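Below you'll find the structure, written out as structure tokens, and then a few comments.
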2 protein chains.
Amino acid sequence: MALEPIQSNSMSQSERDALIEPLCAVFRRTLKEEGLKYTPERAAILDTIIEIDGLFEADTLLETMKSRGHRVSKATVYRTLKLLEQSRIIQQVLFDRDQSHYQLSMGKRGSTLIIHVDTGDVESAEIPELIVLRDKLCAERGLKPEGHRLQIYVTSSES
Amino acid sequence: MALEPIQSNSMSQSERDALIEPLCAVFRRTLKEEGLKYTPERAAILDTIIEIDGLFEADTLLETMKSRGHRVSKATVYRTLKLLEQSRIIQQVLFDRDQSHYQLSMGKRGSTLIIHVDTGDVESAEIPELIVLRDKLCAERGLKPEGHRLQIYVTSSES
DNA sequence: GTGCGTGCAAAGACTTTGCACGTAC
DNA sequence: GTACGTGCAAAGTCTTTGCACGCAC
């Protein structure tokens, strides 16, 4: 099931630009807190992720970076994805049998994806009511919600 | 993140027994429809899954079967899991970075899991309202829901 | 200057596949 | 009797890791 570049939550160029600074700041701060360094490779990876603005896989990211003229190794991509996840800048949103998928989190602590099982298209959705349900369920059980992932599998209309 | 054997939806022995016959029947019928054969290995795999009655991984299943005295190969387990999924008898419910997880579907077309990020425990939950939200969202978009998976990540109470 | 980071290639983990033999129908 | 199934081992894919060199602080 290939991932299509179709995203429902795409930003304008200016929105993307406005995101780079703050996200870099967050990343730098988190790294510093852990005694880690802000390197050109890590900066380039975050930049590219913001540019992609949607779902991506480690491999896609690497290819995109290469096509942009950035030279980074696969190992560094994987290592940096892990750091960005720890910084809560990106989140793993869907796994198919084959590989991990990520997207920018931008403060939201959950992700809803609509997956077209016939075409393989994937689009993001927002279900605010879901947060309510989730928090209610957690409250009933004395649990603290840390995030969620919902995948809805659909076909295009006719049965 | 290891999977604990803790399940909230466990059945009594008699409930499990009552399940074996009909599920075998479904499996046999589906296989026949595809011109495939009902073999002792496939029967043993389904039996063991019903006995496990909860989340499992290919590897767990294989180990459980061995401990029950069933000799099956890893390859056959993987091949049979795929068939059972096609028959809608089991469903893939959660992927961590490492491997696929399955559970009996028993007619439900979705799965909600509460994942304790601190302990690694996983438990099932039911959120009937979620189906309503899901179907509403799909209806708005002219899509036909085929199923869903929700994972809720929690910690145990205190912040 | 030192410790963390990087690239490369090798290793790891899970899953799939090719092939010869076996068996359900 | 035939086509599908099985076990085994090898191959595949994605991801992680060991190591020597390099750079951010």
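Order of the sequence lines fixes the chain letters, A, B, ..., with proteins taken first and strands second; residue numbering starts at 1 for each chain. Quick caveat: nothing in here was measured; it's all calculated off a predicted structure. Computation of the quantities below employed the complete heavy-atom set of this structure, encompassing side-chain atoms and omitting hydrogens, waters and symmetry-equivalent molecules.
- Listed pair A:T76 / C:dG7 meets the phosphate criterion, a side-chain N or O lying under 4.0 Å from OP1 or OP2.
- Atom OG1 in B:T112 sits 8.0 Å away from atom CG in A:L150 (nearest 0.5 Å).
- Phosphate contact (OP1/OP2 of D:dT15, side-chain N/O of A:Y78, threshold under 4.0 Å): present.
- The side chain of A:T39 places an N or O atom within less than 4.0 Å of a non-bridging phosphate oxygen (OP1 or OP2) of C:dT6.
- Put simply, B:R42 has a side-chain N or O that comes within less than 4.0 Å of OP1 or OP2 on D:dT6.
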> So B:R79 and B:E41, salt bridge (Lys or Arg N to Asp or Glu O under 4.0 Å) or not? Walk me through it.
Replying inline: CA-CA 11 Å; B:R79 288 187 277 231; B:E41 289 84 357; over 6 Å; no
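- In this structure, A:E63 places its CD atom 12 Å from P of D:dC14, rounding to the nearest Å.
- For A:K82 and D:dT16, the shortest distance from a side-chain N or O to OP1 or OP2 is below 4.0 Å.
- Straight-line distance from the CZ atom of B:F27 to the P atom of D:dG5: 10 Å, rounded to whole Å.
- Within a 6.0 Å radius of CD in B:E140, other residues, nucleotides and ligands contribute more than 12 heavy atoms.
- Taking atom CZ on A:R28 and atom P on D:dA24, their separation rounds to 11 Å, with Å as the unit.
- As judged by a 4.0 angstrom heavy-atom cut-off over every strand, B:R79 is placed among the base-contacting residues.
- Put simply, CD on B:E41 is 11 Å from P on D:dC8, counting in whole angstrom units.
- Applying the side chain to side chain contact (heavy atoms under 4.5 Å, CB included) criterion to A:A43, with sequence neighbours excluded, gives A:Y38.
- Distance, B:L36 CG to D:dG5 C1': 10 Å, rounded to whole Å.
- In this structure, A:K74 atom NZ and D:dC14 atom P are separated by 9 Å, rounded to whole Å.
- Between B:K32 and B:A58, the residue whose closest nucleotide on DNA chain C is further toward the 5' end is B:A58.
- Side-chain atoms of A:K37 and base atoms of C:dG3 include a donor and an acceptor less than 3.5 Å apart.
- Distance, B:E57 CD to C:dT15 C1': 14 Å, rounded to whole Å.
- Under the salt bridge (Lys or Arg N to Asp or Glu O under 4.0 Å) criterion, B:E51 pairs with B:R68, not counting sequence neighbours.
- Following rounding to the nearest Å, A:L31 (CG) and C:dC4 (P) show an atom-to-atom distance of 13 Å.
- The side chain of A:P40 lies closest to D:dA24, out of D:dA24, C:dA24, C:dA9.
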